[in-house]
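What follows is one structure encoded as structure tokens, with my remarks underneath.
First listed ligand is number 1; within each ligand, the first listed atom is number 1.
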Amino acid sequence: MKEHVRIFDTTLRDGEQCPGATMNLEEKLLVARQLARLNVDVIEAGFPIASNDDFTAVSTIAGEISGPEIAGLCRCLPKDIDRGWQAVKNAGKPRLHIFLATSPIHMKYKLKKAKEEILKLAVEMTEYAATLCPNIEFSPEDASRTELSFLAEVTEAVIAAGATTVNIPDTVGYAVPWEYGSVIAYLKKKVKNIGKAVISAHCHNDLGLAVSNSLAAVANGARQVEVAVNGLGERAGNCSLEEIVMAIRTRRDALNVETRIETRELLSASRLISRITGFPVPPNKAIVGANAFRHESGIHQHGMLSHKETYEIMRPEEIGWGAEEIAQSLVLGKHSGHHAFNKRLEDLGYTLSQDELLKALDRFKAVADKKKVVYDEDLHAIVQDVAAVGRKPTYTLEYLSVTSGNQLIPTATVRLRKGKSLRQKAACGDGPVDAVFSAINQITRVQCRLLDYAIRSVTSGSQALGEVTVKIQHKDKVHTGTGVSTDVIEASAKAYLNCLNRIL
Ligand code: KIV
Ligand code: ZN
């Protein structure tokens, strides 16, 4: 069996320290419930002395959430530890997390204390916290910039004083992976009583290295990682929960450890945090970004259709992506090839002849050149259009030009092909569509009456395809025609012609 790496989630504490990410009690409870569904080992629910709201949030979560340990953060001050204990004591599994900076710069400028005083305070406060709670985590803040021998001295002393976890924060995100990993290896080697505590990694992402640094810590013996959903946290954030969990799972061969996270809840957790904080998840964000499992290049799509593992190292369903989203993972756009296009038409239930398929592909390429993404609705419209073209129309649209505006008389010039001959007319109208229809009438000379005109967007966004439907009365019969284009005037002309061609 692989060794267990504990997941200590600090979305509600360090995550909430992120500017603009403040959550109210109700939101914190929603997050805590989702963290319990994820089966994290520890929820750091807040900093109880920071405010009455923080205290209430931590104590409410402690009373309501079962499963994970519930931790409250405290400075090395008796009043903090007392308040922290009051907040977490009703949890099924309470934890007190106390911290004190140990780096020269923090000791000198922030705490104005000498090493000896820091060591004494760390020991006294750990001992005091241990009289209240059996589960104590101690963090030497700014550990990655602390003198190694002093870090080892503090670590040994707080373990002797009752700390069951010693967390090694890279508070300012300064470390690089091999260096941070070697700090953990050094402590494992030099601290005599290290076997009595779990070593934890707490990495900030200032250089974009939080996940890499945390993995380096795990590779060197850390058995807890401190994380936040979507990498939320102070400044550039903390180690991202979803990224490290999936790295450990996907590369279990390289790391030889496991977490107990219910990975199918990762996407829901990410979406919940994004919704609550209002911070959108970038499309290219690993694991939970909208593009994390999407492929657009023709070569990749061909590979994916032949064998998924050619371009996919994880299965999206392991993270909670749904069948619908997975079905859309081959994004049709201008880089797509005929393999993906044919497959999508097949999935949508179309069986086209070779000729229709080629026409549809041409149409698709033209649409893809105008739009970033071609959606299923676009494909339905394209296939309908191609099927209509398959009926050998009498007239086809060769050229269309329209001028319109609030100070102009709407005028259209239309050129139609009938067999080998081309005919062109210009006409004015009440609006650009009316002008186009008048010009077409002059060319086709069909006597008819427009009964209905409807336009709808078949896809979303400003580049959407517009589908126009027209109803025409000719003698005693009513005919309907449709036309599709990213240009609604062109779609109107096509719909009108489609209808007239039926009549003719
Ligand atoms: O980054 C940090 O050092 C912290 C400590 C309080 C653990 O968040
Ligand atoms: Zn932090």
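The proximity of Glu234 to ligand 1, defined as any non-hydrogen pair under 4.0 Å, does not occur for either the backbone or the side chain. Contacts between Thr171 and ligand 1 below 4.0 angstrom, taking non-hydrogen atoms only, involve backbone and side chain alike.
Using modelled atom types, one finds no donor on one side chain facing an acceptor on the other under 3.5 Å when comparing His204 with Asn213. Side-chain atoms of Asn284 and Asn291 include no donor-acceptor pair closer than 3.5 Å. Between the side chains of Ser200 and Gln224, at least one donor-acceptor pair of N or O atoms lies under 3.5 Å.
Close approach of ligand 1 to His204 is summarised as follows: ligand atoms under 4.0 Å from at least one heavy atom of the residue are 1 (O). Atoms of ligand 1 lying under 4.0 Å from at least one heavy atom of Pro169, given by number and element, are 2 (C), 3 (O).
In terms of polar-atom proximity, Asp142 is not counted as a contact of ligand 1, lacking any N or O under 3.5 Å from an N or O of the ligand. Considering backbone and side-chain N/O of Arg13, one or more are found under 3.5 Å from N/O of ligand 1. Between His97 and ligand 1, a contact under 3.5 Å exists for no N or O pair. Backbone and side-chain nitrogen or oxygen atoms of Glu141 are examined, and none is located within less than 3.5 angstrom of a nitrogen or oxygen of ligand 1. Any N or O atom pair closer than 3.5 Å counts here, and Asn167 shares no such pair with ligand 1.
Of the charged side-chain nitrogens involved, none lies within less than 4.0 Å of a carboxylate oxygen, so that Asp378 and Lys370 do not count as a salt-bridged pair. A salt bridge links Glu147 with Lys115: the closest approach of a Lys/Arg side-chain nitrogen to an acidic carboxylate oxygen falls below 4.0 angstrom. By the 4.0 Å N-to-carboxylate-O rule, Lys285 lies close enough to Glu243 to be salt-bridged with it. Here Asp369 does not pair with Lys365 in a salt bridge; the nearest charged N to carboxylate O distance is not below 4.0 Å.
Proximity annotation for atom 7 (C) of ligand 1: of Ser139, Cys203, Ser144, Ser139 comes nearest, heavy atoms only.
Taking the six-membered ring where tryptophan is involved, the planes of Phe364 and Phe341 are essentially parallel, since the angle between them stays under 30° and well short of 60°.
Of all non-hydrogen atoms in Pro280 and Gly278, the two that sit nearest each other are CD-O, 3.3 Å. Pairing each heavy atom of Glu296 with each of Lys372, the nearest pair is OE1-O, 4.4 Å.
The protein non-hydrogen atom at the shortest distance from atom 4 (C) of ligand 1 is His202 NE2, 3.5 Å.
Inside a sphere of radius 2.8 Å centred on the Zn ion (ligand 2), the protein N/O/S atoms present are Asp14 OD2, His202 NE2, His204 NE2.
Both cation-pi conditions hold for Arg271 and Trp321: the charged atom is under 6.0 angstrom from the six-membered ring centre and inside a 45 degree cone around its axis.
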